[in-house]
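Report on the structure given below.
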Amino acid sequence: METKTFNPPKRILLGPGPSNVHPRVLEAMARPTIGHLDPAFVELMEEIKSLLRYTFETENEITFPVSGPGSVGMETCLVNLVEPGMKVAVCVNGVFGGRIKEIVERCGAQPIVVEADWGSAIDKQKFEDILKSNIDVKLTAFVHAETSTGAQSNIKELTEISHKYNCLAIADTVTSLGGIPVKVDEWNLDAVYSGSQKCLSCPPGLSPVTFNERTLHAIKNRKTRVQSWFMDINLIISYWGSSSRRSYHHTAPINALYGLHEALLLLKEEGLVNSWKRHKLNSEKLISGLKDLGLNTFVKEEDRLPELITVKIPDGVDDLKVRNFLLEKHNIEIGAGLGSLSGKIWRIGLMGYSSNEENISRCLAGLREALEKFKA
Ligand SMILES: *Cc1c(COP(=O)(O)O)cnc(C)c1O
């Protein structure tokens, strides 16, 4: 086999993640690697923590990026808070809620599932009824932005209800952070995780997390040891905690962290509120253009995410042919439907650096051409 240096094609990433990476982030990642305990790197870590506090709108001391993709952030929250034999209320309205449920089971706990249709938000009354009738549930988990369907749930309300029933709440903000408001302190969120490659315009591989005092208290008072060595927060904070005495836990992904730092800096320069506005405005532009092409959205307006728009595939249109055409002819990637939505919807992401007017017009022009070509 002949092997050579890989030069990726230039793609416009309009799927469910990763999104396009800002050139400043790529440049930052190409800078020379230094030691993970170098004083200069320790300073960078403090800046990353401070920028993450800005992004999550929190004062939480324990706010840092876990080394690993969003799924590792998900597991970090779960393995530190779930103990064998516990009951955990898990909201499932798509793929990622389903993944939380599976991790809860693998932790030896029992998930109590609060279900909603794929494409709908979690119903707060249904959630409250389940907590009311399961007084032994002490932990809940839900997804803010369900990337598999394009629907958002109200995590402020779900957290309030969790606290009313004496539960800690875990929130997945992988696709929401940077795209729509995630107000950790104002909403009293307990344990929160996100991802670098959705609305933060960064490559995949890092998962920002933030834990409040209540969460840390619960972790300290566990009866059993955290089952994962790598994700045990008690051990990780020997590296990410205080800057005065930092010791080796694992070798941090140095260059990936240069990238995240630059991406968070970009977000701060734009301003969180402006970023939310840009995502909303661009989503409205795309949806109005899709309507002109006779395409309808899958999620009803009040539950719809601006950064991930799901579109019903019209009868007789070949899903795969359209997506292949967009990729091969226009270098545009859009996402397919997952599970029961496979062949029924497309998932068009306008996340982070990908959320701009030029991408919208290219996507609409490509879709117009594809629909004419592959109409039944
Ligand atoms: C993408 C995503 C994840 C998983 O992130 P990975 O980086 O793919 O591991 C988790 N939750 C949601 C809502 C996501 O969109």
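The first residue in the sequence is number 1, and the count goes up from there. For ligands, and for the atoms within them, numbers begin at 1 and follow the listed sequence.
For atom 15 (O) of ligand 1, the nearest protein heavy atom (residue, atom name, distance) is Thr147 OG1, 2.3 Å. In terms of protein heavy-atom proximity, atom 10 (C) of ligand 1 is closest to Phe96 CD2, 3.3 Å. Looking from atom 5 (O) of ligand 1 to the surrounding protein, the closest heavy atom is Gly70 CA, 3.4 Å. Of the protein's non-hydrogen atoms, the one nearest atom 11 (N) of ligand 1 is Asp172 OD2, 2.7 Å. For atom 8 (O) of ligand 1, the closest non-hydrogen atom of the protein is Gln197 NE2, 3.8 Å.
Close approach of ligand 1 to Pro69 (heavy-atom distance below 4.0 Å) involves ligand atoms 6 (P), 7 (O), 9 (O). Less than 4.0 angstrom separates some heavy atom of Ala145 from each of these atoms of ligand 1: 13 (C). Near Thr175, with a cut-off below 4.0 Å to any heavy atom, the atoms of ligand 1 are 15 (O).
The shortest heavy-atom distance from Gly195 to ligand 1 is not under 4.0 Å. Contact analysis puts Lys198 in contact with ligand 1, with a non-hydrogen atom separation below 4.0 angstrom.
A salt bridge links Arg24 and Glu269; the closest N-O separation between the charged side-chain nitrogens and carboxylate oxygens is under 4.0 Å.
Applying the ring-ring contact (aromatic ring centres under 6.0 Å, His included) criterion to Phe298, with sequence neighbours excluded, gives no partner residue. Glu115 is linked by a salt bridge (charged side-chain N to carboxylate O under 4.0 Å, His left out) to nothing, counting only residues two or more places apart in sequence or in another chain.
Under a cut-off of 6.0 angstrom, the local environment of CD in Glu357 is sparse, with at most 12 non-hydrogen atoms contributed by other residues, nucleotides or ligands.
Ligand 1 has no N or O atom lying under 3.5 Å from any N or O atom of Tyr193, backbone or side chain.
The ring of His36 has its center no closer than 6.0 angstrom to the ring center of Phe41.
With a 4.0 Å cut-off on non-hydrogen atoms, Ser207 does not touch ligand 1 at all.
Under 3.5 Å, the side chains of Tyr165 and Glu128 contain a donor-acceptor pair of N or O atoms. Side chains of Ser354 and Asn359: a donor-acceptor N/O pair is absent below 3.5 angstrom, by distance only. Between Arg347 and Thr147, the side chains place no donor N or O within less than 3.5 Å of an acceptor N or O (distance only, hydrogens not considered).
Between Gly17, Pro18, Ser148, Ser71, it is Ser71 that holds the heavy atom closest to atom 4 (C) of ligand 1.
His330 and Phe325 have perpendicular rings, their planes meeting at more than 60° on a 0 to 90° scale where under 30° would count as parallel.
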